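Remember, it's 1-based here, ligands and their atoms both numbered in the order they're listed. Along the sequence shown, residues carry numbers from 1. Not measured: the values here are computed from a predicted model.
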Amino acid sequence: MDKQQEKKNTLLDPDKMFQDLTNKIKENCPGMNLERIKAAYEMARSAHEGQLRKDGSPYVTHCVAAADITVDMGLDEDSVVSALLHDVIEDTSLTHADIAKQFGDAVADIVEGVTKLTRVQYTSKEDEQMENLRKMLMAMSKDIRVILIKIADRLHNMRTMAYQSPEKQRSKSLETMEIYAPIAHRLGMQRAKWELEDLSLQYLDPAGYREITSSLEKKMDELERFMDSVKEKIQTRLDAEGVKSTIYCRIKHVYSIYRKMYAQKLDIDGIFDLCAFRVIVDNIPDCYNVLGIIHDMFNPVPGRFKDYISTPKPNMYQSVHTTVIGSEGIPFEVQIRTWEMHYTAEYGIAAHWKYKMGSGASAVREGDEDKFAWVRRLLENQQESDAQDFLHNLKIDMFADEVFVFSPKGDVINLPAGATPIDFAYNIHSDVGNSMVGAKVNSRIVTYDHVLQNGDIVEIRTSKNAPGPSRDWLNYAKSGSARTKIKQWFKKERREENVIRGREMLEAELKHNGLTLDDAQDTEAIAPILKRFSFSNLEDIYAAIGYGGITATRVANRIRDELRAKPDKKTALDKVSEAAERRETNAKKTGKPVHGILVEGLSNCLVKFSRCCTPVPGDDIIGFITRGQGVSIHRRDCTNCIQLMNQPENQGRWVHVSWADSITDSYVTTITIVSKDRSGLVLDIASMLNSINAKVRSLTARDTGAGLALTTVSLEVKGSGELKYIMGRLAAIPGVSSVVRNGNK
Ligand code: MN
């Protein structure tokens, strides 16, 4: 036979495989609709038509094999159908809709879920990241059957890994070892876990794997003789005691021996319990009965007895374990359990479709509650519904309140459900959050309130010049830590803004009570409040109101109450004059001027000069409290300012400001020269300004089209006197009709 021929003979025949599957279903799952399963097979076969596996077999053989594993796991009809179709969305032109039309939404959703898991990018990471990735995969599988089918898929791929390239063998084995075997373990599926581990080990450490298997082979005769004799001894005794039992024995799986060898730095001869016996009985009392009999027959090894019946493992595993020493001095482990426990141990969560669980399973220890909350929830769910179908409807709600997303580097970040890019950014670092200027999810730009989904890849754009968080962010952030960090930022970085905002809020609140800020400055009224909240001055209170540490209503009410309680001996007139006096002194004691400006009642607040009227010292000025940008200083005769004053909603925002006594700075202001449009005029203006040593910042000229020219000059002056002088000199230039300050009519 030539090689070509040989290869052909080993090729798998999908129709024959499907026939075997059908027979298996007929035998084990009589309730299933075979026509529906056949239809799924037909759909998969035609969709994958022409695609081949690495061994040369038709691709659909993989789908049938995966379905076969789901039958072995004891899953339901929808699972078998979904397993047959599990790769069609990923690898063929069929869509969710195509599947839904023929097989219903449940199947289509499962197949889509498996596809999503397949697309998750895997890179090996440290343990914590791996755990997050596992959780994410589980959370992404809204229906637990998604993950079970994914495990079946992976199991078959690992079984046929021999045909892949060495790199693929390694990477898939690593992924299996780090992701899928632990998930199988977590779901209590020992059988799948062991097989996944042994298959992976074969590729990850071929030499180590061979070392163990070959020495096991050498010992095989001896081990088998030993196992047979022990099994028979136990069986005879149990029969004599009238305990109905089935005994299995096996050599432990390769990876568990491997781990022990490496953990304990032993060679295989040093691993004493290579064999494990399993005694399966009908009920729990018999478990303990058998335990007593075994301990009577053999010497128990101290410290090796474990009772997972009264205290199940987090993955619902139950059994009694003991290690004893046989007559030949060889120790071995005996696991004793009921049939229900046995199926749960072998198939874990998947066993629920077929077998109800024992009542003991709900006995999760109290201390484990948080760690194993998801198990508890599973068990609670189960009590509420029929065990037969509770997993059908089970959405994996173990992570219902969490969402798992990727950073661009592939790190998995765990956030509360409903989280937005803001939560993500602050989760990375508060600096990232504070300097965020944009966000992308799966390469698309999104708004800050975009709700993240499991598996999203989130990218945050930052900038050194970012304005920092806005108060809206507090509404979008879901996680407490993000909210705290945002609040901290406001508290620290925006004190001036907080002060201004808090002052504004308090003033509005006082107004409701018929009071003014002057009342807040009444030391007798404010002192108890300062003391109560440990503030050192009124400005601290403003700041606290501004960042949301205390409400304006609360402060205003306290001020009102204090004032009411205070015996009022003064007349209204006294009050008015007092207030005026206070204003004067306040203005003086307001502390350091900022840019030569004193703002009444506020110190060190952000001050900026309005662009519209560019005030200079000597001008009559007033302050306007802007939203978020401090106090803006206007000239009282500024047209914008007059307009603003007429708006009732802005009434509360005006504040008294004054120029400081000693000013050394220069101030930039802008004037406009109206003149005839004649040649040489700009030059005349420039040389005039030069001759009087004016500090010109900019000079631009344009003609208005009606024989007139407008020249705008920005210049630095010490005060209004100097400015008046310059304007006078400019007005004297021939052809100039007027010189006006900007901001005037
Ligand atoms: Mn597959």
Response to the item:
Applying side-chain contact (heavy atoms from CB on, under 4.5 Å) to Ala65 and not counting sequence neighbours gives Met17, His156
Item to complete: Would you mind listing every ring pair (Phe, Tyr, Trp, His ring centres under 6.0 Å) that reaches into residues 65-92, with sequence neighbours excluded?
Response: His62-His86
Discussion item. I'd like to know if Lys193 and Glu197 make a salt bridge, using a cut-off of under 4.0 Å between side-chain N and carboxylate O.
Written reply: yes
Just list the side-chain donor-acceptor pairs under 3.5 Å for residues 40-47, sequence neighbours left out, or say none.
{"from": "Tyr41", "atom 1": "OH", "to": "Pro14", "atom 2": "O", "distance (Å)": "3.4"}
{"from": "Tyr41", "atom 1": "OH", "to": "Asp15", "atom 2": "N", "distance (Å)": "3.3"}
{"from": "Tyr41", "atom 1": "OH", "to": "Asp15", "atom 2": "OD1", "distance (Å)": "2.5"}
{"from": "Glu42", "atom 1": "OE1", "to": "Arg45", "atom 2": "NH2", "distance (Å)": "2.7"}
{"from": "Arg45", "atom 1": "NH1", "to": "Asp15", "atom 2": "OD1", "distance (Å)": "2.9"}
{"from": "Ser46", "atom 1": "OG", "to": "Glu42", "atom 2": "O", "distance (Å)": "3.4"}
{"from": "Ser46", "atom 1": "OG", "to": "Met43", "atom 2": "O", "distance (Å)": "3.4"}

Worksheet item: Side-chain donor-acceptor pair under 3.5 Å between Lys150 and Thr118, yes or no?
Response: yes
Worksheet item: Quick one: how many protein N/O/S atoms are under 2.8 Å away from the Mn ion (ligand 1)?
Response: 4
Worksheet item: Does the Asp456 side chain pair with the main chain of Val441, one donor and one acceptor, at a distance under 3.5 Å?
Response: no
